[in-house]
Each structure stands twice: as C-alpha cells, then as structure tokens.
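Everything on this sheet refers to the single structure shown next.
For ligands, and for the atoms within them, numbers begin at 1 and follow the listed sequence.
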Amino acid sequence: MSETIYDVPAAWAKKAHLNDAKYKKMYAASIKDPDKFWGEQGKRIDWFKPYTKVRNASYKPGKVSIKWYEDGTTNVAYNCVDRHLATRAKQTAIIWEGDDPSESKKITYGQLYTEVCKFANVLKANGVKKGDRVTIYMPMIPEAAYAMLACARIGAVHSIVFGGFSPDSLSGRIEGATSDVVITADEGLRGGRKVPLKVNVDAAAEKVPVKTVIVVKRTGGDVAMKEGRDVWYHEEAAKVSGHCPPAEMKAEDPLFILYTSGSTGKPKGVLHTTGGYLVYAAITHQYVFDYHDGDIYWCTADVGWVTGHSYIVYGPLANGATTLMFEGIPTYPSISRFWDVVDKHKVNTFYTAPTAIRSLMGAGEEPVKRTKRKSLRLLGSVGEPINPEAWEWYHRVVGDRRCPIVDTWWQTETGGILITPLPGATKLKPGSATRPFFGVKPEIVDAEGKVLEGATEGNLVLAESWPGQMRTVYGDHKRFEETYFATYPNKYFTGDGCRRDADGYYWITGRVDDVINVSGHRMGTAEVESALVAHPKVSEAAVVGYPHDIKGQGIYAYVTLMSGEMPSEALRKELVGHVRKEIGPIASPDLIQFSPGLPKTRSGKIMRRILRKIAEDEFGALGDTSTLADPAVVEDLIANRQNKR
Ligand code: PRX
C-alpha cells in the first residue's frame, strides 16, 4: 500500500476531455439513469437501423440475460473502417513495427479498407458464411487485424488463439468453437526466433477436423501445404475484389469468442457481441486514454488476449485513431526496444503490463534514460496488480514524472476497462485502480454476500450491467450463470478480491479463486494439474500460485509420483517440458515439489489453502489442520519446500 498521492498535472486538467467535476457529474448520471446515459453514448457508433431499446439485462438466478441496443443493426468493421474514409482515408490507421527494427510500415484507413475487404472476400470464397466461427492463430502482423475485421465485416465470429499456445490447446479451442476454418501464418517472428505456427496448426488438425487453413506468408519459411485444405492467403487475395459490402448485423449477434481460464475445468469460450461491445470499447478508449485526434497510441498486448482485441483493434479503430502494432518483444534487439519504438514513431500513449515494467526495471535506468521519450504523455497498466515500486519506477524513469499512469482493471469477461483513473480527472495513488468508469457499480461483499460499506475489504462484485459485458459462455449458458452469477445472486462476481479506502478508491488484491495470474496471463490451476497428471509417471498433482518478483505470480506444482517412480532433476525437467507441450510455455511450472502425499481432508479433498501457504512461505499461518486425514504430510511438505530465490 502506498500513501503517496499524485495530483492531476495542471496541463492535463485543462486539455483533457474530463476533469474531476465532469467525471463526477457524468458518473452520477450514468448510475442514476443508465438508459439515458447509454442511450446517448450508443450514438458514438453508426447504426444501419437505430435502436429504440437500450438496456435489457437481468442477473436473476436461472434467468441471466444481457442485451444492449437489441433492436439496432450495425457492423463493427464498417464502424472501424468505412465510416472514417470521408475524413481519414489518408490518415494512418495502423503503424506496424516488426520484430526487426528495420521493418515497419504504415497502413492508412484507405488501405485498411481495401485489405479488410479483400480478406473478407477471401473468407467468402473459401465458404465462410455469417455466423461461422473462424479460428485465428497469428503473429502480430497487420493481417491479424485484417482477419478480425474481415470476420466482423461478413458476420463471421472470430476466435483468436494466442500464438504461444501449443497444438493441443489450439485443437481444444478449435473444437470448442466448432470452427472448421483456421487462419494462420507460415511462421511467427519474436525476438529473432521463429515460431512454428503452421506446423502447430498441422498438429492440431490431426486431432480435430479442419476444412480450410488460410496461410499468410510472413517469414517465407518452408512449410508443408496440404492439398485441398491449405491455401496461401496472397494467392487467394490476388483473385478477389477490394470491395465487400458489410453485413447488417443485429446488436446482439456474436462478434467474437475468446477462450480464457477459469478456476475449474477447461477454458471457457467468452462470447462478446456486436453493438454494446463496440460502444464500450470506443468510449473507454476515448476517455481512459484521453484520446484526441493526432495521438499516436500504442498498446503492447498481443491480439491473442482481450487487451489486444479491445485496445489495439476495436476501440482505437472505432475512434479513428492511429494504433501501433508491435510484432516483437521488449528485450530485442536490446532492452531499450520499447523506448526506441516510442521515439521512432513519436508515441504519445503507451499501455503495457506490470510484468514488462518489472522485468525492465531489473536492468536499471540507463537503457531507458538513453532514449528521449519526449512524445510520451500518458502511461497505462493492465493485467495484474501493479506494485507501488514498479508504479513509481514507471512514473519516474519512463514517464519522467510528467505522465499520469492509468492502472486499468478489467477482464476478458468485461470486454473493456471498468475501474480506472481518468488522466484529467483522477488523483493517482500508486497501486490503486482508483474509481469506477461510467455505468460501473462496484460493490465489495463478504463471503456471505453482505454488501460492505465505506473503507473495507472483501470480494469484488458488480451490481449493474454495462454494454461491454460478456453475454454467455459459448455453447454453455449454464456454466456462464454458475461461474459468474451463482456465488452472489443478482450480482456479477469478478473472482477478484478488493479493498476500498477512505477516499473510495479501489485496490484490486488479486484472484480469490483457483486462477493464477502469471506475467499478466491468466492460468487455471486445474488446467496445469490436468496436464501434469496426464504424464504417465504422475499420480497426483496440485498447483498453486506464489509471489514472484517479475511475473507477479509463479506456478508452484506439488507432484506425487506413481509408486516405483523416483524424483530426479531429469524428471523435473521432463514434467516442465510436458506441461509446455500440453498447454504452452506460459504454463511452465516455476517450481515442482515432489511430495509423497498431499494434504487431504478425510473425505479426500485436497486442502489447497495449506498448499498455498506453504508455497508462500507462510508456515505460521497454516490455520486449522486438524481435519486432515494425515497431519504428518504437512511436516514433510514444509521440510521439502522448493526454494524461490
Ligand atoms: O485478477 C484481475 C487481473 O486480471 C484478471 C483478468 O485477466 P484477463 O481476463 O486475462 O484480462 C486481463 C486484461 C484485461 C482480473 O480478474 N487484473 C487485470 N487488470 C488488473 C488486474 N488486477 C489488478 N489490477 C489491474 N489493473
């Protein structure tokens, strides 16, 4: 917790869209009469047929239903591209910065129109129709954005799978979305290394039926093309026109599915729809980043995560912004890369994750200070709690004490930012996401669901619907209701713990469920456990998070081997490799403790609370262990705990 308060810089209070008084007035109006507020805000996008209904949302148990602008029709690609052509055809829409600093290009809105239309026509020519699901497994190249917008243009539903996921994870998501078309590239390029995307798609397609694979040429590496299934994008694109009419979509037609980890079971397909999502992405992009025409805006996320969807592609493009898309990594070819890119493209707004800041902090100030960063005006943070030390470094070293930091709290499920400072309006406290965005009504509840008032701590729920909210778990509405609306009836449960201070500022304390947040990537402990037990030498596994200096949380796995198997360093490596292969490198356990037994209740339930405490080195706080079937197990676990340094 930090006591320092940073006032809104005078220049910001003058120039920004919002100051404190305006924020308070608009916030009060948004809560008092949401229909009026969002009815007006809905007009920030163009509609083919205007809506007459604004909000129709119920969190009633068994009857959860969320609809916004339901009788209006529109098209997301039309809003992100076509409607800007009259005024912005020559303005840069996307600045692409390649992995290799010698490679970059600028795509104007005029060019974006042609590229998106061509991609849409290629999809159509390959049999993709309105409502079909298209899996996108791409590197960070402009074609990833073209593919997303092309799907939106013809009413197909995209499901992006992050390029770091394994073939197994990819096939699970292709199957979950019942998608028979995959868009990929020959290879990705990150930090000078090639990522075998097409090879991974081939491996995934051995497990699930895939009818068509559209392959964008990125590296020109040698890849096998399967006759009758695989087509080269550039060959297909040469055959089609650069015009394609946008499909008229209902506001509640699906826009995309994005898989994300939960506390139990397989990843869930979070479904977002058309009208409300775009309105919410656009309004938050405008106010949170105080976007003005001419700004150069850079979000360092990957389009494989929700941040890339809402704040690289949809929000900025809906606002006619110039959005920077970066293929590489922060440390290549040097640890100054982020700041070199800022100087090269005169970036004004820079939005990244705390884990990146913490890892760069480790290299000291010099790699930052040798760059100018004069163009920077605003910094942002997302994905995990930012510790005050990293916040202060970001503010002092990167932003030269000149740039406010917006610490934005939200989730894949929320579609857009919900709790955040607004740079012209909000005094900052390092480590706090501060105050709710318009229309967002956070509440803090205790375990029984009692709403706690004033300065307090508990679980974070949201009492009202907002337009960007997810509508269902794809193909499993029951799971949607059970995951988010059953714990506290009539409220959306976030899964996060939260503290509210005497100024009404919110401080997210981290997940209270079995989800861990590793370098800003969300990981279900159950997924890692099931990957571990799939190994023939493993009998049982329990996975928990522990505090990690750079990643925020690390993955700590307790593993019980099959009888007759002996623990060894080689086996440890083998298990790490196994999890990487099953899920992907982001799920690699940081520490594996071989343990002859796990702490269980007499009914056989693993007591994860105890495992968490041991992983956190908090042996004094193990709590009640008297219900354990075999209390001696705990002694052994403590004695053999893995060293974190
Ligand atoms: O625990 C919260 C954390 O990330 C979770 C959502 O992860 P995901 O769906 O992958 O979306 C990440 C990008 C929006 C949340 O439940 N989280 C996200 N932003 C913050 C955060 N925790 C603290 N502060 C934040 N600013």
Distance to the ring centre below 6.0 angstrom and angle to the axis at most 45 degrees; does that hold for R173 and F165?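 Yes, R173 sits over the ring of F165.
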d(I583 CD1, S166 OG) to nearest 0.5 Å is 7.5 Å
Angle class for the Y277/H272 ring planes (parallel below 30°, perpendicular above 60°, tilted otherwise)? tilted
ask   = Does D590 come within less than 4.0 Å of K551, counting only side-chain N to carboxylate O?
value =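 A salt bridge is present here (some side-chain N lies under 4.0 Å from a carboxylate O).
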Would you call K427-D7 a salt bridge at under 4.0 Å N-O? yes
Could you tell me, for ligand 1, which of its N or O atoms are under 3.5 Å from any protein N or O, listing the pairs and their distances rounded to 0.1 Å?
residue: ligand 1; atom: 1 (O); partner: D496; partner atom: OD1; Å: 2.6
residue: ligand 1; atom: 1 (O); partner: D496; partner atom: OD2; Å: 3.3
residue: ligand 1; atom: 4 (O); partner: G383; partner atom: O; Å: 3.2
residue: ligand 1; atom: 4 (O); partner: N517; partner atom: ND2; Å: 3.3
residue: ligand 1; atom: 9 (O); partner: T412; partner atom: N; Å: 2.8
residue: ligand 1; atom: 9 (O); partner: T412; partner atom: OG1; Å: 2.5
residue: ligand 1; atom: 9 (O); partner: R522; partner atom: NH1; Å: 2.6
residue: ligand 1; atom: 16 (O); partner: Q411; partner atom: NE2; Å: 2.9
residue: ligand 1; atom: 16 (O); partner: D496; partner atom: OD1; Å: 3.3
residue: ligand 1; atom: 16 (O); partner: D496; partner atom: OD2; Å: 2.6
residue: ligand 1; atom: 16 (O); partner: R511; partner atom: NH1; Å: 2.8
residue: ligand 1; atom: 17 (N); partner: G383; partner atom: O; Å: 3.4
residue: ligand 1; atom: 19 (N); partner: G383; partner atom: N; Å: 3.1
residue: ligand 1; atom: 22 (N); partner: P385; partner atom: N; Å: 3.4
residue: ligand 1; atom: 24 (N); partner: E384; partner atom: O; Å: 3.4
residue: ligand 1; atom: 26 (N); partner: D407; partner atom: OD1; Å: 2.8
residue: ligand 1; atom: 26 (N); partner: T408; partner atom: O; Å: 2.7

For H548, the ring-ring contact (aromatic ring centres under 6.0 Å, His included) test, sequence neighbours excluded, returns none
